[in-house]
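For reference, the structure is listed below as structure tokens.
Nothing here was measured: the structure is a model prediction, and the numbers come from that model. All ligand and atom numbering here is 1-based and tracks the order in the structure.
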Amino acid sequence: MIELKKDLYWVGIKDWELKKFHGDEFSTPSGSSYNSYLVKGREKTVLVDTCWGPFKEEFIHHLETHLGLDKIDALICQHSESDHSGAMTSLLERRPDLPVYCTAKGKQMLMAQYHKEWNFVTVKTGDTLDLGGYTLQFVEAPMLHWPDTMFTYIQGMAVLLPNDAFGQHYAFGPMFADEADPCLLWKEAITYYANIVAPYAKMVRAKIDQLKKMNLPIEMICPSHGLIWRDDPMQIVEKYYEWAGPYKENQVAILYDTMWHESKAMAEALARGITRTGMVAKVINAAKNDETFMLTEAFRSAGILVGSPTINNGISHAMAALMEGLKHLKLQGKKGAAFGSCGWSGEAPALLQKHLEEANVEIAGGPFKAIHMPYEDQIAELENFGEAFAKGLISAE
Ligand code: FEO
């Protein structure tokens, strides 16, 4: 148990070894944590969220040793996903009487996952639970990032527990964000946002607007993954608001695959043109890089250029997977174009352009096709397009 402030304790799990999350969908090079919190009021002690199933016995043993399971008066399940609910089966086997506070959707989703009729108490926005000295105030937050999600605000402590929102997959270092390596912290925070939260950007902005209208004093934000925001906690809220808009940095992501360095030559020509303007070109081979990293780079970019050789009338496997991921992000305000080499039929650039359109990327030119290795005049055309494309992005800022 780690005391975060008077009567608030972290009782979670640090998963240093985690390298993939959501099955194998999401890379987590910095590990993650399953943050669980204990709030001690004068009359009631409540546990907020648990941890992923593989750690459930360690989690329960720790609570039993340092507190005693009989001392817990209620469990707050803010979100039913298994990384936060996985220890509920063990806990509730030992304490079947324990009230489980969750949203109506949370109850439905917990029952669908665990097939148990626990002692559910469903809550909605505005409902409260008096602990004696502190009061929990529940705020439903559907689609941040599941329909069941809710936030919990601790009145009398000025602490917001927003579950997955404002988190990072970051196990390293201390408990608080202000004690962490800021480069790594913000890299993990934007990676987490881009890959998990970005598809629900409209709900992010609406929820932040709602929270601001509620005018709650917030001294600490304790997410369910990663480090806790203590110093200027609203900084992550403001960042989320910015990321939830048409967010862009001064860069273009060139995401491509290549068989015989022909599409690669096209990617490099585009990059040369872009860098003439001072804009950053990130040239990333989709078959050799991590998808979570590439999707984050796409999210950060003002422009996205995608390339693939034509293979059996289609695009490469790596680009097909990446384009599927790109569509999930619900991108806003991005411009792009497609390119690729071929031996004869040359469908890939047009197919990629269609994928870009489906990913909500505005097409700014192309598609560009080369039969095998591009000639010098084609290279010059690509360089010139890269330059004009980047200038267009800069002038749109
Ligand atoms: Fe961290 Fe949506 O679970």
Side-chain angles (χ1 to χ4, degrees), residues 10-37 47-56 58-59 75-89 91 100-114 138-152 160-172 175 177 185 188-204 207 221-229 236 240 243-244 292 295-296 325 328-330:
W10 181 87
V11 289
I13 295 285
K14 292 252 186 186
D15 191 352
W16 314 99
E17 296 183 351
L18 189 79
K19 294 300 163 211
K20 292 282 185 177
F21 185 74
H22 280 163
D24 282 340
E25 283 282 295
F26 187 149
S27 298
T28 53
S30 304
S32 192
S33 64
Y34 315 110
N35 295 342
S36 169
Y37 299 99
L47 182 66
V48 181
D49 296 324
T50 67
C51 71
W52 189 28
F55 296 95
K56 63 184 179 184
E58 178 184 340
F59 176 81
L75 170 64
I76 314 299
C77 176
Q78 302 191 101
H79 171 37
S80 69
E81 193 165 11
S82 159
D83 52 329
H84 309 295
S85 67
M88 285 178 69
T89 48
L91 177 62
V100 177
Y101 287 75
C102 61
T103 60
K105 199 72 185 172
K107 174 182 173 182
Q108 186 188 331
M109 296 178 88
L110 284 165
M111 289 178 71
Q113 290 174 82
Y114 299 105
F138 303 111
V139 180
E140 290 167 280
M143 302 319 296
L144 293 178
H145 67 129
W146 273 20
D148 64 319
T149 304
M150 68 174 182
F151 295 175
T152 304
L160 179 68
L161 308 173
N163 193 259
D164 278 332
F166 314 128
Q168 335 88 44
H169 286 308
Y170 189 115
F172 304 152
M175 294 304 299
L185 171 71
E188 294 301 350
I190 195 169
T191 298
Y192 182 101
Y193 180 87
N195 286 272
I196 292 181
V197 189
Y200 311 106
K202 279 186 188 159
M203 285 72 122
V204 171
K207 190 53 55 185
I221 295 178
C222 301
S224 60
H225 296 286
L227 304 184
I228 291 156
W229 304 92
I236 187 64
Y240 262 49
W243 290 338
T292 303
L295 292 175
T296 307
H328 294 187
L329 301 190
K330 306 266 193 307

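- Side-chain atoms of Gln78 and Thr152 form a donor-acceptor pair, as typed in the model, at a separation below 3.5 Å.
- Listed by chain and residue number, the protein N/O/S atoms under 2.8 Å of atom 1 (Fe) of ligand 1 are Asp83 OD2, His84 NE2, Asp164 OD1, His225 NE2, with waters left out.
- Here the N, O or S atom of His145 that is nearest to atom 2 (Fe) of ligand 1 is NE2.
- Of the listed residues (Asp83, Asp15, Asp49), just one forms a side-chain hydrogen bond (donor to acceptor under 3.5 Å, both in side chains) with Tyr34, and that residue is Asp15.
- Residues that satisfy the side chain to side chain contact (heavy atoms under 4.5 Å, CB included) test with Ser30, not counting sequence neighbours, are Phe172, Leu184, Glu188.
- Considering only residues two or more places apart in sequence or on other chains, Lys19 meets the side chain to side chain contact (heavy atoms under 4.5 Å, CB included) condition with none of them.
- Every residue two or more places apart in sequence or in another chain that forms a ring-ring contact (aromatic ring centres under 6.0 Å, His included) with Tyr193 is listed here: Tyr240, Trp243, Phe299.
- Counting heavy atoms from C-beta on, the side chains of Val197 and His145 never come closer than 4.5 Å.
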